[in-house]
Structure formats: C-alpha cells, structure tokens
Amino acid sequence: MVPLLSRGQFSASSIDELLSQAEASKYAGIDVAKGSLECALYPETERKLSAANDAVGHQEIYAWLRQAGVSTVLVAAPGGYEQALVLDL
C-alpha cells in the first residue's frame, strides 16, 4: 500500500514539514477531477501521467507509482472525487 496524504486531513505547514523530511524519497502529487487524474513525480518533475478517474485509471496509477518507487502520495481532495482513488490505492 502507498501512504496517502490529503490536504483535507493536514494543514499546509504539516504537509510541508513531512515533505521536507522526505527529501530523499520520491513522492507523487495527484490532481483529482471528476473524470480525470493528473499525476506528477518529485523530484523527477518530467515524469507525468494522465488517467481516467475510474477503476481502470486507478489501477494504471497504482502500477505507475509502484514502478517509480514512490514512497508518499499527496492527493488534492476536491469534494469527494478522490475517495474511490484513495480506497483503490
């Protein structure tokens, strides 16, 4: 399972603190919309993935994150569209 952080659960300062502690780690950010997901890795900013916000897209993202060796995922949480993704990851 990939650890997940949601801005709805933490303050911006606590997320910044967690990220600074994980400087040597790879992490991903996922921008969630009703029908799509936009993922980016850090520190490898050139690696990005777009996927549908459905079960197939969630599996595609999961495989991509595992292959990339991501240790932490931050999810932009806009009104519930992230809930199925978080459960699938």
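These numbers were taken from a predicted model, which means no experiment stands behind them.
- When all heavy atoms are compared, the tightest approach of Ala76 to Val32 is O-CG2, 3.3 Å.
- Shortest non-hydrogen contact noted between Trp64 and Lys48 is CZ2-C, 3.8 Å.
- Interatomic distance, CG of Asp31 versus CG of Leu74, reported as 12.0 Å (0.5 Å rounding).
- Note that CD of Gln83 is 12.0 Å distant from CG of Asp88, once rounded to the nearest 0.5 Å.
- In this structure, the side chains of Asn53 and His58 come closer than 4.5 Å at one or more pairs of heavy atoms.
- Of all non-hydrogen atoms in Ala28 and Val70, the two that sit nearest each other are N-CG1, 3.8 Å.
- One finds the NZ atom of Lys26 at 9.5 Å from the OG atom of Ser71 (value rounded to the nearest 0.5 Å).
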message = Could you walk me through whether Ile30 and Leu89 satisfy the side chain to side chain contact (heavy atoms under 4.5 Å, CB included) test, starting with their C-alpha distance in whole Å, then the side-chain angles of each, then the deciding distance to 0.1 Å, before giving a yes or no?
response = CA-CA 12 Å; Ile30 303 177; Leu89 292 179; 4.3 Å; yes
